[in-house]
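One-based numbering, in listed order, for ligands and for the atoms of each.
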Amino acid sequence: MKENVEKKKRVFSGVQPTGQIHIGNYVGAISLWVENQDLYDNIFCIVDLHSLTIPENIAPEYLRRKVREVAALYLACGIDPEKSTIFVQSQVPEHAELTWLLNCVTPIGWLERMTQYKSKSAEMETVGTGLFDYPVLMAADILLYDTDLVPVGDDQKQHIEITRDIAQRFNHLYGEVFKIPDGLFRESGARIMGLDTPEVKMSKSLGEMKKRHSIGLLDSEEDIRDAIMRATTDSNMETRYEYASPGVKNLLVLYEVLTGSSREEVEEHFSGKNYGTLKKELVEVVLDTLRPIQQKYNEIVNEEGYLDNILNEGRMRAKEIASATIARVKEHMGLTL
Ligand code: ATP
Ligand code: LTN
């Protein structure tokens, strides 16, 4: 082994175990993790504590099932446990502990400005403190692991910004403890829109409520076909990105990322063709992408003990890194005897 190999950068990201994991999550986040897996030292988390911030409809049995589903989907999508650490957030109590310590350096005004909090709380009768504090828990997730890069969809930009702000403020108050992380976003596909409503992003919660809003990674062939063939378009025949309506552009972007083509190639391919052709071809591309994922998913969930072993090993590796960070933080804050 060469001694002078450069240390790989650390990547950290996560998905909440609630709702329907959809093709937007795959394109914007999970497939980006898989593509870059060999370049980095990767840690992928199932952020169950974040799921508790919207407590409605979260029965304990549902959460338990969803945590396993997300973990199995990470693996089915191509996350390799030999190359990446996979673990469940609540299994490493340092996440909650660091959240408290970071709460004490985070001005309330920063949290009041968060757009996700504003939009989610507006729909709720009773707003939990956890929802307000969501960004601090996310900052704790990232900062615990000396993360360099956070690959996410572009709806998470404000969360990455506040993580940087919190880290900088902490370092200013207590000394250089945290590394300042950067977001990592796809150039194309960082925000997939709803198939039925291309003016809003495809979302897991809407996907559970409305048929044809999203394409779930575990959806049947029939549902996938139906959602794409009936996706909102317009009455023109415009397949150039610059002029296409939001619904058509969304289909072009999905086709582009899932086939690994360039925009020019996609435009040339669909030039002069109607939306029916675009939709039919996209159905095939999506099915070709999801078939092997669904097959692998079924194998994983049927293999007794496989998932538990991976999550257990992941927990141990995560715990080791996280506990070292917490010790360093406490030392700097004067929380040691
Ligand atoms: P919800 O909309 O119900 O809050 P979500 O679909 O955003 O849920 P998350 O678990 O919050 O799901 O997101 C997991 C990852 O997928 C994040 O990196 C997020 O940025 C990314 N992501 C979510 N929706 C999209 C989308 N429509 N396009 C691209 N990336 C997305
Ligand atoms: N807020 C993220 C989920 C999340 C996350 C993280 C992503 C929680 N902690 C740490 C990256 C890094 C979302 O997708 N809604």
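When only modelled atom types and interatomic distance are considered, S188 and E256 share a side-chain donor-acceptor pair under 3.5 Å. In summary, the side chains of Q37 and D80 do not present any donor paired with an acceptor at a separation below 3.5 Å, with no hydrogens or angles considered. A side-chain donor from one of T85 and R317 sits under 3.5 Å from a side-chain acceptor of the other. Side-chain contact of H269 with E281: a donor-acceptor pair under 3.5 Å is present, judged by distance alone. Between the side chains of T239 and E267, no donor-acceptor pair is found at a separation under 3.5 Å. There is a side-chain donor-acceptor pair under 3.5 Å between R186 and S31. Inspection of the Y275 and D234 side chains reveals an N or O donor paired with an N or O acceptor under 3.5 Å. Using a 3.5 Å distance cut-off with no hydrogens or angles, the side chains of T106 and N103 do not pair a donor with an acceptor. A donor and an acceptor atom, one from each side chain of S90 and D48, are located under 3.5 Å apart.
Using a 4.0 Å cutoff on heavy atoms, V27 does not count as a contact of ligand 1. In this structure, H22 counts as a contact residue of ligand 1, since one of its heavy atoms falls inside 4.0 Å of the ligand.
The shortest N/O to N/O separation between G153 and ligand 1 falls below 3.5 Å. The shortest N or O to N or O distance between Q116 and ligand 2 is not under 3.5 Å. Not a single N or O atom of D154, backbone or side chain, sits closer than 3.5 Å to an N or O atom of ligand 1. Not a single N or O atom of Q156, backbone or side chain, sits closer than 3.5 Å to an N or O atom of ligand 1. For a threshold of 3.5 Å applied to N or O pairs, the pair formed by Q156 and ligand 2 contains at least one separation below that value. For ligand 1, the polar-atom distance check finds no N/O of P151 at less than 3.5 Å from any of the ligand's N/O atoms. Not one N or O of V15 is nearer than 3.5 Å to an N or O of ligand 1, by distance alone. On a distance-only criterion, Y134 and ligand 2 share at least one N/O pair closer than 3.5 Å. Below 3.5 Å of separation, one finds no N or O of S13 facing any N or O of ligand 1. The distance criterion of under 3.5 Å between nitrogen or oxygen atoms is met by I192 with respect to ligand 1.
The closest donor-acceptor contact from the side chain of Q91 to the backbone of K319 lies at 3.5 Å or more, if one exists at all. At least one donor-acceptor pair closer than 3.5 Å links the side chain of E265 to the backbone N or O of S262.
Atoms of ligand 2 found under 4.0 Å from any heavy atom of Q16 (numbered from 1 in listed order, with element): 15 (N). Interface atoms of ligand 2 facing F12, defined by a heavy-atom separation under 4.0 Å, are 10 (C), 12 (C). Less than 4.0 angstrom separates some heavy atom of G28 from each of these atoms of ligand 1: 29 (C), 30 (N). The ligand atoms of ligand 2 that sit less than 4.0 angstrom from a heavy atom of V150 are 11 (C), 12 (C). Atom numbering of ligand 1 starts at 1 in the shown order; those under 4.0 Å from a heavy atom of A190 are 28 (N), 29 (C), 30 (N). The atoms of ligand 1 that sit less than 4.0 Å from any heavy atom of A29 are 15 (C), 16 (O), 18 (O). Short contacts between ligand 1 and M202, defined as distances under 4.0 Å to a heavy atom of the residue, involve ligand atoms 24 (N), 26 (C), 27 (N).
In this structure, atom 3 (O) of ligand 1 lies nearest to the protein heavy atom S205 OG, 2.5 Å. Nearest non-hydrogen protein atom to atom 5 (P) of ligand 1 is K201 NZ, 3.5 Å. Scanning all protein heavy atoms for the shortest distance to atom 4 (O) of ligand 1 gives K120 NZ, 2.8 Å. Here the protein heavy atom with the shortest distance to atom 11 (O) of ligand 1 is Q16 NE2, 3.2 Å. Considering only non-hydrogen protein atoms, atom 13 (O) of ligand 1 sits nearest to N25 ND2, 3.6 Å. Looking only at protein heavy atoms, the nearest one to atom 10 (O) of ligand 1 is K204 NZ, 2.6 Å. Atom 2 (O) of ligand 1 has its closest protein heavy atom at S203 CB, 3.0 Å. Atom 31 (C) of ligand 1 has as its closest protein heavy atom G24 O, 3.6 Å. Nearest protein neighbour of atom 4 (C) of ligand 2, counting heavy atoms only, is M138 SD, 3.8 Å. Closest to atom 9 (N) of ligand 2 among all protein heavy atoms lies D141 OD2, 2.6 Å.
Aromatic ring orientation, Y145 versus H95: tilted (interplanar angle from 30° to 60°).
The proximity of V152 to ligand 2, defined as any non-hydrogen pair under 4.0 Å, is limited to the side chain. Contact annotation for V15 and ligand 2: no heavy atom of the residue comes within less than 4.0 Å of the ligand. If you look at V152 next to ligand 1, the close heavy atoms, those under 4.0 Å, come from the backbone and the side chain alike. Proximity of I142 to ligand 2, defined as any heavy-atom pair under 4.0 Å, is confined to the side chain (atoms from C-beta onward).
Seen from the ring of F87, R315 does not count as a face-on cation partner, given the 6.0 Å and 45° thresholds.
Taking a cutoff of 4.0 Å between a charged side-chain nitrogen and a carboxylate oxygen, E161 and K157 do not qualify as a salt bridge. Note on R10 versus D146: no salt bridge recorded, every NZ/NE/NH1/NH2 to OD/OE distance being 4.0 Å or above. Salt-bridge check for E61 with R64: passed, with a basic side-chain N closer than 4.0 Å to an acidic carboxylate O. The existence of a salt bridge linking R191 and D154 is confirmed by a sub-4.0 Å separation between a basic side-chain nitrogen and an acidic carboxylate oxygen.
M316 and I46 fall into different hydrophobic clusters, where Ile, Leu, Val, Met, Phe, Trp and Tyr are joined by side-chain heavy atoms under 4.5 Å apart, directly or via other members.
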Please step through side-chain contact (heavy atoms from CB on, under 4.5 Å) for the pair L63 and L52, ending with a clear verdict.
CA-CA 9 Å; L63 191 56; L52 298 177; 3.8 Å; yes
